[in-house]
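Index from 1, following the sequence.
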Amino acid sequence: MTRGKFITLEGIDGAGKSSHVEFLRQRMAALGKNVVVTREPGGTPVAEELRELVLRAPMGVTSVALVMFAARGEHVSRVIEPALQAGSWVLCDRFSDATYAYQCGGHGLPTDVFAGLERAVHPDLQPDATFLFDLDPAQAYDRQRARSRSPDTFESEAADFFRRVRDAYLERARAHAHRFRVIDASGSLEAVRERLGAAFDKDFA
């Protein structure tokens, strides 16, 4: 059995990455792949409970990272790895790059703490491709304001926080250029989707 591909979507809140999950799922299915769509934090019953905790309850930066990786450990062992071993492609809305960007970049978590947790929880697993939806935080903020739901603890952060998160994402993309594909997330949904489709086809079609 050929191992499946692990593909992740990343970006600051308001960049619009989640709007393209179904588009990419269909793109993968058109290649004849069985696709498992999942998200982080979440993906399992336990991890979904931890998601609610970390998105709603104020916590210290190290505590958030520990909860995130606890949820990730469940997710990897129960969903991601079994699907990949079965030959399915896994499409995940956020993974460890988000923890690096939000906790290290946004909140100042020491990078060695992050790296230690990453080695402990998924030492041999990294995405085969990561599509990073890059958008100016001011534009992302305008998009978020158009939403009707209440913001979670991450979405409620100040503009400077999201600038640091964006910078950390781009730093991570430069350090792992072999798997990152940076997508210009400005403009219309259709324009972004065209860029995403071209980037996906270049690697996988």
Hydrophobic clustering (ILVMFWY, side-chain heavy atoms < 4.5 Å, transitive) - are [Y] and [X] grouped together?
X	Y	answer
F162	L170	yes
F204	V37	yes
L135	L196	no
V21	L31	yes
V79	V121	no

Checklist entry - Less than 6.0 Å separating the ring centroids of F161 and H107? => result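 When the ring centroids of F161 and H107 are compared, they turn out to be within the sub-6.0 Å range.
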Checklist entry - Hey, do the aromatic rings of F95 and H75 have their centres closer than 6.0 Å? => result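 No, the ring of F95 stays outside the 6.0 Å limit from the ring of H75, centre to centre.
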Nearest 0.5 Å, what's the [atom1]-[atom2] distance between [X] and [Y]?
X	Y	atom1	atom2	answer
L125	F6	CG	CZ	5.0 Å
D136	R163	CG	CZ	8.0 Å
Y141	D13	OH	CG	13.0 Å
E194	I183	CD	CD1	11.5 Å
R39	S18	CZ	OG	9.0 Å

[Y]/[X] salt bridge by N-O under 4.0 Å criterion:
X	Y	result
E22	R25	yes
K17	E10	no
R195	E190	no
R179	D97	yes

Checklist entry - Can R174 and E171 be said to form a salt bridge (charged side-chain N to carboxylate O under 4.0 Å, His left out), step by step? => result CA-CA 5 Å; R174 288 190 294 269; E171 173 192 303; 5.5 Å; no
I want to check something: taking the side chain as every heavy atom from C-beta on, are [X] and [Y] in contact at a cut-off of under 4.5 Å?
X	Y	answer
R94	T8	no
T111	Y100	yes
L189	S19	yes
L109	T62	yes

Between [X] and [Y], which heavy-atom pair has the shortest distance, and what is it?
X	Y	value
P110	C104	O-SG, 4.2 Å
P137	I12	CA-CD1, 3.8 Å
G42	A47	O-CB, 3.3 Å
S186	V192	O-CG2, 3.4 Å
G105	A168	CA-CB, 3.7 Å
A185	A15	CB-O, 3.5 Å

Next on the checklist: Angle between ring planes, Y102 versus Y169, binned at 30° and 60°: parallel, tilted or perpendicular?
Outcome noted: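 Because their plane-to-plane angle is over 60°, the rings of Y102 and Y169 count as perpendicular.
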Checklist entry - Using the ring of each side chain (for Trp, its six-membered ring), is H122 parallel, tilted or perpendicular to F69, with breaks at 30° and 60°? => result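 If you compare the ring of H122 with that of F69, the planes turn out parallel.
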Item to check | Stepwise side-chain contact (heavy atoms from CB on, under 4.5 Å) test for V90 and V35 | outcome: CA-CA 6 Å; V90 176; V35 185; over 6 Å; no
Checklist entry - Does NZ or CZ of R172 fall inside the cone over F180's six-membered ring, less than 6.0 Å from its centre and within 45° of the axis? => result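 Judged by the rule (NZ or CZ under 6.0 Å from the ring centre, within 45° of its axis), R172 is not positioned above F180.
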Next on the checklist: Does R181 form a side-chain contact (heavy atoms from CB on, under 4.5 Å) with L132? I'd like the steps, not just the answer.
Outcome noted: CA-CA 6 Å; R181 305 294 178 265; L132 172 60; over 6 Å; no
Quick one: does any side-chain atom of [X] pair with a main-chain N or O of [Y] as donor and acceptor, under 3.5 Å?
X	Y	answer
D128	I7	no
R164	A159	no
S63	M59	no
R27	F200	no

Item to check | Matching residue for T44 among R51, E74, E49 - test: side chain to side chain contact (heavy atoms under 4.5 Å, CB included) | outcome: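 The single option meeting the side chain to side chain contact (heavy atoms under 4.5 Å, CB included) with T44 is E74.
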Next on the checklist: I'd like to know whether N34 forms a side-chain contact (heavy atoms from CB on, under 4.5 Å) with M28, so could you lay out the CA-CA distance, the side-chain angles of the two residues, the decisive distance to 0.1 Å, and finally the verdict.
Outcome noted: CA-CA 8 Å; N34 182 59; M28 295 175 192; over 6 Å; no
Item to check | Worked verdict on V36 versus L84 for side-chain contact (heavy atoms from CB on, under 4.5 Å) | outcome: CA-CA 9 Å; V36 174; L84 293 173; over 6 Å; no
Next on the checklist: Under the criterion side chain to side chain donor-acceptor pair (under 3.5 Å), I'd like the reasoning laid out for T99 against R72: C-alpha separation, chi angles, the key distance, then a yes or no.
Outcome noted: CA-CA 10 Å; T99 306; R72 186 162 296 134; 3.0 Å; yes
